Number of protein chains: 4
Amino acid sequence: MLNRVVLIGRLTRDPELRYTTNGTAVATFALAVERPFTNQNGERDVDFIDIVVWRKLAETCANHLGKGRLVAVEGRLQTRSYDDSNGIRRRAVEVVADSVRFLDWPKNNSTDNFDGQDFGGDFYEDDIDVPF
Amino acid sequence: MLNRVVLIGRLTRDPELRYTTNGTAVATFALAVERPFTNQNGERDVDFIDIVVWRKLAETCANHLGKGRLVAVEGRLQTRSYDDSNGIRRRAVEVVADSVRFLDWPKNNSTDNFDGQDFGGDFYEDDIDVPF
Amino acid sequence: MLNRVVLIGRLTRDPELRYTTNGTAVATFALAVERPFTNQNGERDVDFIDIVVWRKLAETCANHLGKGRLVAVEGRLQTRSYDDSNGIRRRAVEVVADSVRFLDWPKNNSTDNFDGQDFGGDFYEDDIDVPF
Amino acid sequence: MLNRVVLIGRLTRDPELRYTTNGTAVATFALAVERPFTNQNGERDVDFIDIVVWRKLAETCANHLGKGRLVAVEGRLQTRSYDDSNGIRRRAVEVVADSVRFLDWPKNNSTDNFDGQDFGGDFYEDDIDVPF
DNA sequence: TTTT
DNA sequence: TTTT
């Protein structure tokens, strides 16, 4: 039925890019998303949310994003079960993103290069989407 | 930062209502949310998403909702770590809802009674929200 | 940039289906969306929001929806200027929907027929979307 | 019923701050939101969406935001009728925001000063919201 | 496992 | 652990 998630947060690590056996690209990363209020200790809690992107968007993210970058992500919440390396059954809850917007610049020490790009960065959507 | 989730799905079980040590009501349930497409076996996969509601909204949900009911939920994705009954460290990813809309009628065999209610059910928000 | 709208409401009239000169189907309707609170007179205000759908989704909506039906709509806010029939320049703000979920049954006096359909209705997305 | 909007865009002008007769602050501005695709002329269309904020959030926006600033806005779509200065009846469709996140820095020529602020800016919510 |  |  209806299932929509919108997040703004920072990557906790560089995206990991892999390929399925039939060659489909898939990238994963996590987002640190601060809560909109401070807790009883006066600190701002943070939620760490796993993101999955597919196909061309996966490669775009892997090529242009890195740890610490600020992004807006839109997608769908997905659940899945798997056995971890110790054989313990675990449940994954992750956001399958169909759009990722880059909201800041790569750091100077980045190998990436966005010369000439408008502030606010670019906007990337899953390559299946089409104007309408 | 920004963190928004909107879901429509059916309760997989009756809500569980508990109270924190300082008396705050908290209810939990899970939502079965069908994916918007069929998988390679022609079946429609389902995501099971845990929902948490607080205060008056928790009591409203516990009093009026039951297994199988169709609802629209709005809230925020939250992550949290805990040790399960076997002492295994686990991570919970759940939606803290600030609004729950009832989208169908209770079943006849329900003890609940919505006589005279307009179709489409009622709309409940976390009791802290106020018009603006 | 990011632009996402999610609504639940009732159609204020039957959808109007037209075709562009190159044959693309486009349907329009309006949704009555109740506010989540009552106004100072104790009444519940209602927002009337114009919806536009394209292609196969336009035809599905025109064929299966009618005045009074309850739907969940997902899409993007779009603005546009036009001259009305009196030559007055006006601005339209409408939601271009990429998914429409049917949340109730057609009325008995409907010419439509959903025999055998699962409660909760069906889920229709713009025909460009694809599983991922 | 359910009514949720999430936008990222740039202010087209400085916010206008006014007060209702009973002293409630209300600020208005418009957001330029680029479409996620280019049109048939290879240009990126832009939607201009009116935003309304109330109370403390109105004053925060008026004090810290200006033309060109990049923000993420969350709120509710609202419609309203009014007569313009020529006595022509018009319909306004605007987003009543309950949260505004500042996504970039003020320009150097700004009179505003965010010294020491963490990149990514601050997060402001309607002052009625409360942690949960 | 965690970002600024 | 799973709803219709």
Side-chain angles (χ1 to χ4, degrees), chain A residues 1-3 7-16 28-35 43-51 65-73 79-81 84-85 89-94 102-107, chain B residues 1-3 7-16 28-35 43-51 65-73 79-81 84-85 89-94 102-107, chain C residues 101-105 114 116-123, chain D residues 101-105 114 116-123:
Chain A
M1 311 192 181
L2 194 147
N3 181 338
L7 302 170
I8 294 181
R10 289 184 186 281
L11 296 241
T12 62
R13 49 182 165 85
D14 293 343
E16 259 177 75
T28 51
F29 54 89
L31 236 50
V33 181
E34 292 186 357
R35 300 209 182 144
E43 306 155 330
R44 193 170 289 270
D45 285 325
V46 175
D47 293 297
F48 297 98
I49 299 172
D50 290 315
I51 311 291
L65 289 178
K67 181 175 173 173
R69 295 289 306 280
L70 184 71
V71 296
V73 158
T79 54
R80 160 175 82 75
S81 287
D84 74 9
S85 52
R89 192 113 199 109
R90 294 192 177 273
R91 217 164 81 90
V93 182
E94 44 211 3
F102 303 172
L103 292 174
D104 65 0
W105 292 97
K107 291 302 168 24
Chain B
M1 310 192 184
L2 195 147
N3 181 339
L7 301 170
I8 295 181
R10 288 185 186 282
L11 295 240
T12 63
R13 48 184 167 83
D14 293 344
E16 259 176 76
T28 52
F29 53 90
L31 236 49
V33 181
E34 292 187 359
R35 301 209 181 145
E43 306 155 329
R44 192 170 289 270
D45 285 325
V46 174
D47 294 298
F48 297 99
I49 298 171
D50 290 317
I51 311 291
L65 288 178
K67 180 176 175 173
R69 295 290 306 281
L70 185 70
V71 296
V73 158
T79 55
R80 160 175 81 75
S81 287
D84 74 9
S85 53
R89 191 113 198 109
R90 294 191 178 275
R91 217 164 81 91
V93 182
E94 45 212 2
F102 302 172
L103 292 174
D104 64 359
W105 292 96
K107 289 304 166 19
Chain C
R101 181 176 160 72
F102 302 172
L103 292 174
D104 65 359
W105 292 98
F114 267 80
Q117 193 194 29
D118 185 17
F119 188 92
D122 258 326
F123 182 56
Chain D
R101 180 176 162 73
F102 303 172
L103 293 174
D104 65 359
W105 292 96
F114 267 81
Q117 192 193 28
D118 185 15
F119 189 92
D122 258 326
F123 182 58

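Keep in mind that the numbers below use all heavy atoms, side chains included, and drop hydrogens, waters and symmetry copies. What you see is a predicted model; the values in this text were computed from it and never measured.
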Send over the distance from [X] [atom1] to [N] [atom2], rounded to a whole Å.
{"X": "Leu31(B)", "N": "dT4(F)", "atom1": "CG", "atom2": "P", "result": "12 Å"}
{"X": "Arg10(B)", "N": "dT1(F)", "atom1": "CZ", "atom2": "P", "result": "23 Å"}
{"X": "Leu103(D)", "N": "dT4(E)", "atom1": "CG", "atom2": "C1'", "result": "14 Å"}
{"X": "Leu11(B)", "N": "dT4(F)", "atom1": "CG", "atom2": "P", "result": "10 Å"}
{"X": "Glu94(A)", "N": "dT1(E)", "atom1": "CD", "atom2": "P", "result": "17 Å"}
{"X": "Lys67(B)", "N": "dT2(F)", "atom1": "NZ", "atom2": "P", "result": "10 Å"}
{"X": "Asp45(B)", "N": "dT4(F)", "atom1": "CG", "atom2": "C1'", "result": "16 Å"}
{"X": "Arg69(A)", "N": "dT2(E)", "atom1": "CZ", "atom2": "P", "result": "22 Å"}

Could you work out which one of [options] sits closest to the side chain of [X]?
{"X": "Phe48(A)", "options": "dT1(F), dT3(F), dT2(E)", "value": "dT2(E)"}
{"X": "Glu34(A)", "options": "dT1(E), dT4(E), dT2(F)", "value": "dT4(E)"}
{"X": "Val46(A)", "options": "dT1(F), dT3(E), dT3(F)", "value": "dT3(E)"}
{"X": "Ala30(B)", "options": "dT2(F), dT3(E), dT4(F)", "value": "dT2(F)"}
{"X": "Arg13(A)", "options": "dT1(F), dT3(E), dT1(E)", "value": "dT1(E)"}

Margin query: Going by side-chain hydrogen bond (donor to acceptor under 3.5 Å, both in side chains), name the residues that satisfy it together with Thr28(A), two or more places apart in sequence or in a different chain.
Written below: Arg18(A)
Item checked: Residues Arg80(B) and Asp50(B) bridged, charged N to O under 4.0 Å -> no
Notebook entry, point to check: With sugar-phosphate meaning primed atoms plus P, OP1 and OP2, does Arg91(A) contact a base, only sugar-phosphate, or nothing at under 4.0 Å between heavy atoms?
Noted result: base
Notebook entry, point to check: Can you name the closest pair of heavy atoms from Asp84(A) and Arg90(A) and give their distance?
Noted result: OD2-NE, 2.8 Å
Next item on the list: Among Asp47(A), Leu7(A), Leu70(A), Leu31(A), find the residue that satisfies the side-chain contact (heavy atoms from CB on, under 4.5 Å) test when tested with Met1(B).
Entry: Leu70(A)
Checklist line | Contacts of type side-chain contact (heavy atoms from CB on, under 4.5 Å), residue Val46(A), not counting sequence neighbours | finding: Ala32(A), Glu34(A), Phe48(A)
